[in-house]
Amino acid sequence: MDAVVKTAIPVVFVSDVPTSAAFFRDKLGFIIDFLHGDPPFYASVSRDAARLHLRFVHEPVISIDAREREGALLSAFLEVDNIKGLFGEYEAARVTFAQPLRKEPWGASGFTVLDPDGNSIYFAGSRTNHA
């Protein structure tokens with residue numbers, strides 16, 4: 001039997017796991033699957049079929065200078081069925097966008113959200129379903 005890779009789970013490095021998990025829950029509509037440790041240093045959040053892990057770090061993994069120099073250095077890329085609907089949901093929740101909804105050169109539409117640590121989380125509609 002051939003091995004099958006089933007999924008990938010991005011790990012987002014954060015300075016405060018409970019605060020980050022609450023942001024994903026309260027602003028982005030994720031659920032907190034678990035918080036691990038006392039105090040928590042690792043967590044899982046999910047929304048529908050997407051899952052992200054959050055890991056505590058003492059200092060940013062990507063420097064502010066590198067973020068400014070390189071532009072959006074994505075921590076996670078999530079594909080969405082109704083990108084316009086999700087963008088509207090996040091606008092209503094007053095989420096901070098690093099990039100508002102736009103049509104990308106490769107044919108999809110997407111937007112980038114910043115988490116409390118400045119990590120860029122990209123939400124993209126599929127190329128075949130732009131709505």
Side-chain angles (χ1 to χ4, degrees):
M1 181 164 151
D2 292 335
V4 176
V5 177
K6 292 173 59 174
T7 191
I9 303 172
V11 177
V12 180
F13 300 112
V14 300
S15 62
D16 185 314
V17 170
T19 297
S20 294
F23 166 81
F24 278 93
R25 180 192 62 212
D26 300 340
K27 290 288 195 176
L28 303 184
F30 283 64
I31 62 168
I32 299 172
D33 302 313
F34 67 82
L35 295 169
H36 179 71
D38 187 18
F41 61 88
Y42 201 84
S44 176
V45 295
S46 61
R47 179 169 174 163
D48 305 315
R51 182 177 315 280
L52 299 173
H53 283 186
L54 309 173
R55 184 185 182 287
F56 170 76
V57 291
H58 290 281
E59 53 190 59
V61 173
I62 300 173
S63 73
I64 293 171
D65 290 341
R67 283 184 178 152
E68 290 174 3
R69 191 174 53 248
E70 301 294 333
L73 295 174
L74 300 179
S75 296
F77 184 107
L78 291 85
E79 191 173 353
V80 177
D81 280 340
N82 180 353
I83 194 68
K84 289 179 185 175
L86 187 63
F87 183 75
E89 177 186 323
Y90 289 175
E91 275 186 316
R94 301 185 143 198
V95 170
T96 300
F97 296 100
Q99 171 198 302
L101 182 63
R102 71 176 186 195
K103 179 102 175 195
E104 300 291 359
W106 59 86
S109 294
F111 61 89
T112 305
V113 166
L114 295 178
D115 78 356
D117 287 282
N119 292 306
S120 296
I121 312 297
Y122 186 77
F123 294 87
S126 66
R127 290 189 66 205
T128 58
N129 181 6
H130 302 293

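As the structure is a computational prediction, the values presented were derived from the model and not from experiment.
- Taking the side chain as every heavy atom from C-beta outward, P100 and F87 approach each other to under 4.5 Å.
- A distance-only check finds a donor-acceptor pair linking the side chain of N119 to the backbone of F13 [under 3.5 Å].
- Heavy-atom minimum distance, Q99 versus G110: NE2-O, 3.3 Å.
- Considering CD of E79 and CG of D48, their distance stands at 13.0 Å, rounded to 0.5 Å.
- By the criterion of side-chain heavy atoms lying less than 4.5 angstrom apart, applied directly or through intervening Ile, Leu, Val, Met, Phe, Trp or Tyr residues, I9 is not grouped with L78; the two fall into different hydrophobic clusters.
- Of all heavy-atom pairs spanning R55 and V17, the tightest one is C-CG2, 4.2 Å.
- To the nearest 0.5 Å, the span separating CD on E104 from OH on Y122 amounts to 3.5 Å.
- The shortest heavy-atom contact between P40 and P18 is CG-CG, 3.9 Å.
- Criterion: ILVMFWY side-chain heavy atoms under 4.5 Å apart, direct or through other members. Under it, V57 and L52 are part of a common hydrophobic cluster.
- Across every non-hydrogen atom of F41 and G37, the tightest pair is CE2-CA, 3.7 Å.
- Note that NE2 of H53 is 9.0 Å distant from OG of S46, once rounded to the nearest 0.5 Å.
- Side chain of Y90 to main chain of L28: a donor-acceptor pair is present (N/O by atom type, distance under 3.5 Å, no hydrogens or angles).
- For the atom pair CG (L86) and CD (E91), the distance works out to 10.5 Å, reported to the nearest 0.5 Å.
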From CA spacing to verdict: side-chain contact (heavy atoms from CB on, under 4.5 Å), L114, S120
CA-CA 5 Å; L114 295 178; S120 296; 3.7 Å; yes
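- By the 30° and 60° cut-offs, the orientation of the rings of Y42 relative to F34 is parallel.
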Trace of the side-chain contact (heavy atoms from CB on, under 4.5 Å) decision for S109 with K84
CA-CA 8 Å; S109 294; K84 289 179 185 175; 5.8 Å; no
Dump the intermediate steps for side-chain contact (heavy atoms from CB on, under 4.5 Å) on I32 and F24, then the final yes or no.
CA-CA 8 Å; I32 299 172; F24 278 93; over 6 Å; no
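- A side-chain donor-acceptor contact under 3.5 Å links D117 to the backbone of S15.
- No single ILVMFWY cluster, assembled from side-chain heavy atoms under 4.5 Å apart, contains both I121 and I31.
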Dump the intermediate steps for side-chain contact (heavy atoms from CB on, under 4.5 Å) on T112 and F97, then the final yes or no.
CA-CA 6 Å; T112 305; F97 296 100; over 6 Å; no
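- Between F111 and I83, some side-chain heavy-atom pair lies under the 4.5 Å cut-off.
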